[in-house]
Structures are given as structure tokens and as C-alpha cells.
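Read the structure below first, then the notes.
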Amino acid sequence: MTAKVGVVVFPGSNCEQDVIEAVETVGGSGRLLWHKDHCLGDVDAVVLPGGFAHGDYLRAGAMARFSPIMDSVADFARQGGPVVGICNGFQILAEAQLLPGALYKNRGLRFLCQSETLRVESVNSVLTRGLSPGDELCIPINHFEGNYICSEETLVALRDKGQIVLTYRDNPNGATADIAGICNENGNVVGLMPHPERAAHPLLGSTDGALLLKVLLSDG
């Protein structure tokens, strides 16, 4: 049975079609969900894609967090449904308090668009089950506010509970503990700044992102 992935579109999202194409490349079925919808439908997983939701005019993800569909996303997550936030989607999940911490402006106040080597730290998430700790992936980033920050207490909890999913080999943005992606305690909600959908086809230079999306489909 083909896994159905709902991709939420906010005003200012610009990676939704990339996610749909990548999901279908690895054998899933993608469908767009509008941010004013109140129902997710019969999807098996949800992705909040990259972009600039509501222009990021207040704070990245701060306005999107109040979109009607986010209540349904939160309910879906509480029921154990797989939810993944990519880049701006990660920012939205943090603003919605579905993930701890916050995303801040990059060190040096520079917009970054480049490939990065990531290290798999935890395999207890819907993106990394089936991979191995220490696996390295080449996946691009494309952000200005990708600097993950959190309190020391939160960092200790993330480490103790295996919630740090991915780290940067060479930290590009100043993120606390080199964090590129985290999950909630149950592992079904994941936020990451790198874009796996942009590394899901040989023509894009890397297929490492497809490894993560295939795990999502098998979990959904």
C-alpha cells in the first residue's frame, strides 16, 4: 500500500512541490494541504515544507503556528502520526511547541545555501529508523535562521533521551551542539534544517535525502 504524505502549504511556502516530487520519487504519494484546512484527510504522514510562511515578517514560523491546520497537525502528532518539519517547517514546529528550543539567525548573519555533511546521531525517529548512528549524509541547507538554540537543561534532556537526530560535521550556522535536527520524545515528530527533498535524485548530486524519506514512508 502506497504511503500518503500530506504537505502543508502556507502563504510563502516554496518547497511544497519539491517535497511532493521527492516523496513520489521514493515510492510515496503526495498531496497538498492548505493551511486554512481543518482536516488532514487520510494521510499517513505530514510534512511542513521550507519557505517563508507569511513572509517570516514577525518571526520565522510565528504566524504559521496559528494556522487552523496546525491544530489538526498537533492532534495527529499526539496520536503518534509522523510529522516532519523541514527548514521553515522546523521553525513552525518549534513555535508551535511541538519541538523544544528555537531557531535563531545564523552566526555571522549570513544566508547559507550549500551542501553539508550530516551525522546520524539517533535512529529513534521516523526519519532515521533503519539507519545507523554515525552514518554520514550529504544534504543541502538553505536558510538564514537555522541556528538552533535551547537552554542547557533542554540540551541535557535532548541528549539523555536520544532526541538529537542529526548534527553537522562542520557547523555552518552556530547551532547549539552542532544540531541539525531533533525529534520529540516519541520520535514521531522531527524537525531538521537541511532539505532532504533536494537530495533525493542523482541529478541533484546526492540521493542521501531519499534515505530519510524512505524511512518516513515505511513508518507512515
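The figures that follow rest on heavy atoms only: side chains count, while hydrogens, waters and symmetry mates do not. Treat the numbers as computed from the prediction; the structure is a model and nothing was measured.
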Distance in Å, [X] [atom1] paired with [Y] [atom2], rounded so as to fall on 0.5 Å steps:
X: L166; Y: L212; atom1: CG; atom2: CG; value: 6.5 Å
X: Q79; Y: N188; atom1: CD; atom2: CG; value: 10.5 Å
X: I139; Y: E197; atom1: CD1; atom2: CD; value: 9.5 Å
X: L99; Y: F90; atom1: CG; atom2: CZ; value: 6.0 Å
X: L112; Y: M193; atom1: CG; atom2: CE; value: 9.5 Å
X: L137; Y: T207; atom1: CG; atom2: OG1; value: 10.0 Å

For the student: nearest non-hydrogen atoms of [X] and [Y], plus distance:
X: V5; Y: V43; result: C-CG1, 4.4 Å
X: L98; Y: N184; result: O-CB, 4.1 Å
X: A200; Y: A22; result: CB-CB, 3.9 Å
X: V83; Y: A77; result: CG2-CB, 4.0 Å
X: G50; Y: C87; result: CA-CB, 4.2 Å
X: N173; Y: Y168; result: ND2-OH, 3.4 Å

Is there a side-chain contact between [X] and [Y], using heavy atoms and a 4.5 Å cut-off?
X: L155; Y: C150; answer: yes
X: L192; Y: V84; answer: yes
X: H195; Y: C15; answer: yes
X: T167; Y: L118; answer: no
X: K105; Y: N147; answer: no
X: E116; Y: P172; answer: yes
X: D160; Y: L158; answer: no
X: L48; Y: I86; answer: no

Same cluster (ILVMFWY, side-chain, under 4.5 Å), [X] and [Y]:
X: M70; Y: L103; value: yes
X: F52; Y: I92; value: no
X: L211; Y: V23; value: yes
X: L131; Y: I164; value: yes
X: V123; Y: I182; value: yes

Within residues 26-50 or reaching into it, pairs that qualify as ring-ring contact (aromatic ring centres under 6.0 Å, His included) - sequence neighbours excluded |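 Matches after skipping sequence neighbours: H35-H54.
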
Start with the C-alpha gap between E185 and K161, add the side-chain angles, then the distance that decides, and say whether side chain to side chain contact (heavy atoms under 4.5 Å, CB included) holds.
-> CA-CA 7 Å; E185 290 189 34; K161 297 174 183 178; 3.1 Å; yes

Non-neighbouring partners of C183 that pass side-chain contact (heavy atoms from CB on, under 4.5 Å), sequence neighbours left out |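 For C183 the side-chain contact (heavy atoms from CB on, under 4.5 Å) partners, ignoring immediate neighbours, are S125, Q163, V165, V190.
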
Decide side chain to side chain contact (heavy atoms under 4.5 Å, CB included) for V215 and T128; before the verdict, give the C-alpha distance in whole Å, the side-chain angles of both, and the deciding distance to 0.1 Å.
-> CA-CA 6 Å; V215 175; T128 54; 5.9 Å; no

Under 3.5 Å, is there a donor-acceptor pair between the [X] and [Y] side chains?
X: E95; Y: Q97; result: no
X: E136; Y: T117; result: no
X: D178; Y: N171; result: yes

Return a table of donor-acceptor pairs under 3.5 angstrom between the side chains of residues 24-33 and protein atoms on other chains or two or more places apart.
residue : atom : partner : partner atom : Å
T25     : OG1  : E21     : O            : 2.8
R31     : NH1  : D42     : OD1          : 2.7

Verify side chain to side chain contact (heavy atoms under 4.5 Å, CB included) between N142 and F111, making sure each step is shown before the conclusion.
-> CA-CA 7 Å; N142 186 51; F111 185 89; 3.2 Å; yes

Look at atom [atom1] of [X] and say whether more than 12 heavy atoms of other residues, nucleotides or ligands are closer to it than 6.0 Å.
X: E153; atom1: CD; result: no
X: Y104; atom1: OH; result: no
X: R110; atom1: CZ; result: no

Is it true that a side-chain atom of S67 and a backbone atom of I69 form a donor plus acceptor pair closer than 3.5 Å?
->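 Side chain of S67 to backbone of I69, a donor-acceptor pair under 3.5 Å: no, none is there.
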
Donor-acceptor pair, side chain of S13 and main chain of E16, under 3.5 angstrom =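 Judged by distance alone, no pair lies under 3.5 Å.
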
For the pair K4 and D44, evaluate side chain to side chain contact (heavy atoms under 4.5 Å, CB included) and give the outcome as yes or no after the intermediate values.
-> CA-CA 5 Å; K4 298 180 289 293; D44 300 301; 3.7 Å; yes

